[in-house]
Number of protein chains: 2
Amino acid sequence: MQQLLDNIAKHVSLTPVEQERVLAFTEIQTYKPKTLLLKEGEVCINSFFVTKGILRSYNIDENGVEHVVSFACPGWWIADMYSFLSQRPGQLYIEVNEEAEVILLSKENRDTLFAEVPKMERFFRILIENSLVANQQRLIDNMSFTAEARYDKFSKKYPDLVHCLPQKQIASYIGVTPEFFSKMKARLLKK
Amino acid sequence: MQQLLDNIAKHVSLTPVEQERVLAFTEIQTYKPKTLLLKEGEVCINSFFVTKGILRSYNIDENGVEHVVSFACPGWWIADMYSFLSQRPGQLYIEVNEEAEVILLSKENRDTLFAEVPKMERFFRILIENSLVANQQRLIDNMSFTAEARYDKFSKKYPDLVHCLPQKQIASYIGVTPEFFSKMKARLLKK
DNA sequence: ATCATTTCTTAATCTAGGTTAAGGACTTCC
DNA sequence: GGAAGTCCTTAACCTAGATTAAGAAATGAT
């Protein structure tokens, strides 16, 4: 729980009373690997703050191909933002990659919290802003760079993740097939 | 100016006094086509609310190829969000497509406004949330669909834009070359 | 009107990355 | 500890979309 408060403290400073309110609205949970916290077609009731382990979100396209939308390590939030915000069925899966501990904040509680603790609305505003910027950068990168350059950027940005994720998930995140990813990696080793 | 207030009213309801504050912090401007409101390497001081005309933002990659990041029609906001939020040099250009009238809100004024009129922070939080959702959807679409399907989605989502934008800009937005776009369109006509 | 610039089209050729297939290396779980 | 899955790799072949080039059509400036 302290991790969450530390995370919030990076952007806004809460009084002890406000911190209490935050904790009152959240709930802690642990999950085994491969647990699905959300499936396509379901409403994303909770957003998840990761304190241990790794989660990922992905969608599955018409051809049954999985596309990783995001990873979440300790200190990161994850949700199907479309579904969470609209409270309508979404298209994303959220799955536990590695034995995880997460803090849950439901849409309902989030909205109440915004009313009671306006600083938390600021906190999430800033979080979403950062998220938008990162997302827009990824879009630009996908349009501007080759798979090789995208992989290079990814490994520099998330050096830890490169070692603990299955390659097929990295391949999916940067937008190539596992086979091509494997070929590409072999090519890079020769240099 | 009324357009801006109407737009805000869709998400939060301001008192007349609050509306006054908003207007006090904004400024109106008109621009000729091809005017560059922002260049790569510059700091994005203002965000722009379009009341007339069309703007677009794009970046230019290492090979000199332009990639359209977004269009903005009346009722839409546009900015280089990375640069605007961090007040550091950005990579985007913002250009006037069609004779435009826009309302300017600087980063500085926005932050003051947030402190004076908390509802405006809520307004922008909601705007950014929607923006993030749209952006994430575009990312997923780019990974999941062919150029043809992306074009189809685009023309259904923005039927008006299809008619008033140069094809090369649409091609760039959906992520293909103008040549391929032209070929694709010819193919679609045969069906 | 006319020259210049930009945009669009068509066609030939090329390539980054996809597909299919098959074997080997790890896990995982009775 | 062995059967059944996953995951990773390699290789041959395939295709969506890029590149190059060149002409036609539209737009704009003088």
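Numbered from 1 within each chain, the chains take letters A, B, ... in sequence-line order.
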From CA spacing to verdict: ring-ring contact (aromatic ring centres under 6.0 Å, His included), A:Trp76, A:Phe71: CA-CA 9 Å; A:Trp76 291 75; A:Phe71 297 106; over 10 Å; no
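- Of the charged side-chain nitrogens involved, none lies within less than 4.0 Å of a carboxylate oxygen, so that B:Lys10 and B:Asp6 do not count as a salt-bridged pair.
- Closest to the B:Thr177 side chain, of the nucleotides C:dG18, D:dA18, D:dT9, is D:dA18.
- Distance A:Lys168 NZ to D:dG5 P: 15 Å, rounded to the nearest Å.
- Residue order along DNA chain C, read from the 5' end via each residue's closest nucleotide, puts B:Phe181 first among B:Phe181 and A:Ala147.
- Nucleotide C:dG18 holds its C1' atom 16 Å from the CE atom of B:Met143, rounded to whole Å.
- A:Leu165 has its CG atom 16 Å from the C1' atom of D:dT6, to the nearest Å.
- Between B:Glu148 atom CD and D:dG17 atom C1' there is a gap of 12 Å when expressed in whole angstrom units.
- One atom, CZ of A:Arg187, and another, C1' of D:dA11, lie 14 Å apart when rounded to the nearest Å.
- B:Lys183 has no carboxylate O lying under 4.0 Å from a charged side-chain N of B:Glu179, or vice versa, which leaves the two without a salt bridge.
- Comparing C:dC8, D:dT19, C:dG17 against the side chain of A:Val176 picks out C:dG17 as the nearest.
- Here B:Glu129 pairs with A:Arg110 in a salt bridge; the nearest charged N to carboxylate O distance falls below 4.0 Å.
- Distance from the side chain of A:Glu179 is smallest to D:dT10 among D:dT10, C:dG18, C:dC8.
- Distances shown here put every side-chain N or O of A:Gln169 at or beyond 4.0 Å from the OP1 or OP2 atom of D:dC7.
- Rounded to whole angstrom, the span from the CD atom of B:Glu66 across to the C1' atom of C:dT7 amounts to 13 Å.
- Put simply, the side chain of B:Lys34 and the base of D:dG28 share no donor and acceptor less than 3.5 Å apart.
- Regarding B:Phe180, its CZ atom lies at a distance of 17 Å from the P atom of C:dA16, rounded to whole Å.
- Note: CG (A:Asn63) to C1' (C:dG18) measures 12 Å, nearest angstrom.
- No side-chain donor-acceptor contact under 3.5 Å links B:Gln3 and B:Asn7.
- Taking the side chain of A:Ala186 as heavy atoms from C-beta on, and the options C:dG18, D:dT10, C:dT9, the nearest nucleotide is D:dT10.
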